[in-house]
There are 2 protein chains.
Amino acid sequence: MNRFENMENFIRVVEVGSISGAADRLGVAKSAVSRRLKELEEHLGVELFHRTTRRMNLTDTGRAFYHQCVRILEDTLEAELASAQVHGTLKGGLKIALPSTFGLMHMGPAINEFLQAHPQIEFDLDFNDREVDLMQEGFDLAIRIARLPDSSLIARRLAPIQSIMCASPSYLKKMGTPKTPDELLTHQCLVYSLLHDYEYWHLTDAEGKEFKTKIRPYLKATTGEFIRDAAVADQGIILVPSFIVYKEIERGELIPVLKEYKPLQIDAYAIYPQTRHLSQRVRTFVDFLVKRFEGTPYWDLQIQKLT
Amino acid sequence: MNRFENMENFIRVVEVGSISGAADRLGVAKSAVSRRLKELEEHLGVELFHRTTRRMNLTDTGRAFYHQCVRILEDTLEAELASAQVHGTLKGGLKIALPSTFGLMHMGPAINEFLQAHPQIEFDLDFNDREVDLMQEGFDLAIRIARLPDSSLIARRLAPIQSIMCASPSYLKKMGTPKTPDELLTHQCLVYSLLHDYEYWHLTDAEGKEFKTKIRPYLKATTGEFIRDAAVADQGIILVPSFIVYKEIERGELIPVLKEYKPLQIDAYAIYPQTRHLSQRVRTFVDFLVKRFEGTPYWDLQIQKLT
DNA sequence: AAATACTGTTCATAATATCGCAACAATTGG
DNA sequence: CCAATTGTTGCGATATTATGAACAGTATTT
């Protein structure tokens, strides 16, 4: 039994006032309308109409049920409309805040790919590492790399972000490869000051226990790319997210060190304000991102084996 | 496509977390669940789940749609429950105010008939001609005979009530049969004081125009039956609803007079307060009454030809 | 590391439900 | 009183839907 069609059927009969008329409007045989109405009445065990072979009058029960049917049908259509992709592409703007390095390196290609499917979307991208107030500044969405999501906002985890400690082969040859975290104090450390403490690096030992080890910051920068390039130029040891250095590691320009001590795992999130009616653009884009970054990130596929 | 089953299907998949599990719960093959889910996604043109052959995660779109589906299904089930006769008979009380004469003569048999089908209903009948405050005194329903329904309440028309002017053959023989309304002043009029003015009877002429004619009240009573009996006992001319005197007219004990001048048409109504959730008892009983009194009332079938 | 168990999807077949047509019964309006 | 219209029912044809096995991919276990 198709509850839905039966309701629609019933509504039409009420509004047109006759079975024949409703059948015309619905484009089906009147026998079908009659039978569906009968089915509905049998299902409810109630008479919806007083029938006098030629005339039909709603019963009180029928009238009450009619109003509820109308409301339910409207709700359903609205729900479908709100969720349905209005065929093909989306339109409108999408203002997004995203961290500069991750944004440039990995969100850029993703956004380009999304634009293939939805060329009508106008992206307004703000590459910035400061924390923006989503509501205040009218952002639809922000990409954040953090240890835990901000609970006051909706957060969808996009990808795990693992950091890697590494240095160039030449540097290691010249200065030696550290065997324990303590030895880092004798090395030149290049600090990515956004994600880590200035003077400490947080690690976990073989048993998964957290601890921090003091380092000697030889150079500090808020851009991961800069200290990566510095490390490639034999300037010292860095601790940066793998998504920044994965190519250099694959090419052997940088070599992981102290692999037994895993840096703290953090994550990339898409976050957006809690609004009652989330726009279809945001929903679709976030769905797209979640799917694209699902599983082990492509930047970790190769270097996974090396760590 | 069965929207409803698809929604139910989708909800189950979300709640159980897997297609196989949902299939077990629903008692259908998992292929059916899979296909319906696919149908729903194609209908919306949207991915509801991120799928990884083994694991399924709701998309944002899916989550939003899920909540709306749940609400819609709940509404639907509630609507059906509110309208459905819970198989067989109803239970509970039904407190009804009804006019004494009409109540005794015509509602009595109707209520008895209703009790055949629903013996569990406990009727609490208040035969009374004063206007009761439904809300205040806790009535579920009132039967009223009036010209127009009280607009602040829900009113369902049960039957047309036509009045008849008549007298006994002996009386007419002795005093003469009036030919015009004016002549009524020379007659003994017995007044049913509830429905009509004390000193005027309201009539319509052949063209349907309303007018009132003065009468000389010889006897007044608030009980139709009393003045009917008085008229049968040759006491004078009465103007009463046909449902009171139809048997006497059929038997020839009373004879209509001034048939060309129709008394004003009034109606019998079932009225009840506007509450958000009308009880199923009231609805079913009113539906029953409307159906029972539908068309020309049985008390008018015979005398129709005589007037 | 390999095997196993479990997942979701697909396909052809079978069962089911639904529809339209036509005949019928009942009522209304001229 | 007849004609026209309405709602209901039965039957054959059609379309829809479920089923169960085979398949492909992924965790879990040993």
Side-chain angles (χ1 to χ4, degrees), chain A residues 1-43 46-59 62 160 290-291 293-298 300-301 304-305, chain B residues 1-43 46-59 62 160 290-291 293-298 301 304:
Chain A
M1 182 208 53
N2 194 328
R3 277 177 159 94
F4 215 89
E5 279 188 13
N6 278 357
M7 284 187 180
E8 209 167 358
N9 189 70
F10 170 59
I11 287 178
R12 266 288 133 63
V13 174
V14 172
E15 287 175 350
V16 176
S18 77
I19 289 188
S20 303
D24 287 345
R25 280 280 282 278
L26 291 167
V28 294
K30 60 180 180 176
S31 59
V33 177
S34 173
R35 217 162 355 78
R36 294 212 278 221
L37 197 60
K38 190 181 170 189
E39 191 182 44
L40 190 59
E41 286 183 320
E42 278 172 0
H43 172 63
V46 159
E47 270 194 325
L48 262 14
F49 286 99
H50 289 139
R51 294 157 148 88
T52 59
T53 324
R54 182 144 180 131
R55 188 135 213 87
M56 309 184 60
N57 287 326
L58 264 181
T59 63
V290 169
K291 187 172 183 183
F293 290 111
E294 173 171 79
T296 302
Y298 53 85
D300 276 344
L301 284 178
Q304 213 167 32
K305 305 160 192 168
Chain B
M1 183 207 53
N2 194 330
R3 279 177 159 92
F4 210 90
E5 278 188 12
N6 278 357
M7 283 187 181
E8 210 167 357
N9 189 70
F10 171 58
I11 287 178
R12 266 289 132 66
V13 174
V14 172
E15 289 175 349
V16 177
S18 77
I19 289 189
S20 303
D24 286 345
R25 281 280 281 278
L26 291 167
V28 293
K30 60 181 179 177
S31 57
V33 177
S34 173
R35 200 183 33 66
R36 294 212 279 218
L37 198 61
K38 189 182 171 189
E39 189 181 46
L40 190 59
E41 286 183 320
E42 277 172 1
H43 173 63
V46 159
E47 270 195 325
L48 262 15
F49 286 99
H50 290 138
R51 294 158 149 87
T52 59
T53 326
R54 184 146 177 125
R55 187 137 214 85
M56 308 183 62
N57 287 326
L58 264 180
T59 62
V290 169
K291 188 171 183 185
F293 289 111
E294 173 172 79
T296 303
Y298 54 85
L301 284 177
Q304 212 165 34

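This structure is a prediction, so every number in the text was calculated from the model and none was measured. Note on naming: letters A, B, ... go to the chains in the order of the sequence lines (proteins, then strands), and numbering restarts at 1 for each one.
- Relative to the side chain of A:Ser20, the nucleotides D:dT17, D:dG7, C:dG8 differ in distance, and D:dG7 lies closest.
- Considering CG of A:Asn2 and CD of A:Glu39, their distance stands at 8.5 Å, rounded to 0.5 Å.
- Rounded to whole Å, atom P of D:dG7 lies 11 Å from atom CG of A:Asp24.
- The separation between B:Met56 atom CE and C:dC6 atom P is 19 Å, rounded to whole Å.
- Taking atom CD of A:Glu47 as the reference point, atom P of D:dT8 lies 11 Å away to the nearest angstrom.
- Considering only side-chain N and O atoms, B:Ser18 lies nowhere under 4.0 angstrom from the phosphate OP1 or OP2 of C:dT7.
- A:Asn9 has its CG atom 13 Å from the C1' atom of C:dT18, to the nearest Å.
- B:Arg51 has a side-chain polar atom (N or O) that falls below the 4.0 Å cut-off from OP1 or OP2 of C:dT9.
- Looking at heavy atoms from C-beta onward, B:Glu5 lies out of side-chain contact with B:Val28 at the 4.5 angstrom threshold.
- Contacts with DNA chain D (heavy atom under 4.0 Å) in residues 30-38 of chain A: A:Lys30, A:Ser31, A:Ser34, A:Lys38, listed by number.
- Ring geometry, A:Phe10 versus A:Phe49: the interplanar angle exceeds 60°, so the pair is classed perpendicular (tilted spans 30 to 60°).
- Annotation: side chain of A:Asn9 is not in contact with side chain of A:Leu40 (no heavy-atom distance under 4.5 Å).
- Rounded to whole Å, the distance from CE on A:Met1 to P on C:dC19 is 13 Å.
- Rounded to whole Å, atom C1' of D:dT16 lies 17 Å from atom CZ of B:Arg3.
- For the pairing with B:Val33, the side-chain contact (heavy atoms from CB on, under 4.5 Å) check across B:Val13, B:Val16, B:Asp24 returns one residue only, B:Val13.
- In this entry the distance linking CD1 of A:Ile19 with P of C:dC24 reads 20 Å, nearest Å.
- Side-chain contact between A:Glu41 and A:Thr59 is absent, with no heavy-atom pair separated by less than 4.5 Å.
- Between B:Lys291 and A:Glu47 there is a salt bridge, since a side-chain N of the basic residue sits under 4.0 Å from a carboxylate O of the acidic one.
- One interatomic measurement links the two molecules: CG of B:Leu48 to P of C:dG8, which rounds to 15 Å at whole-angstrom precision.
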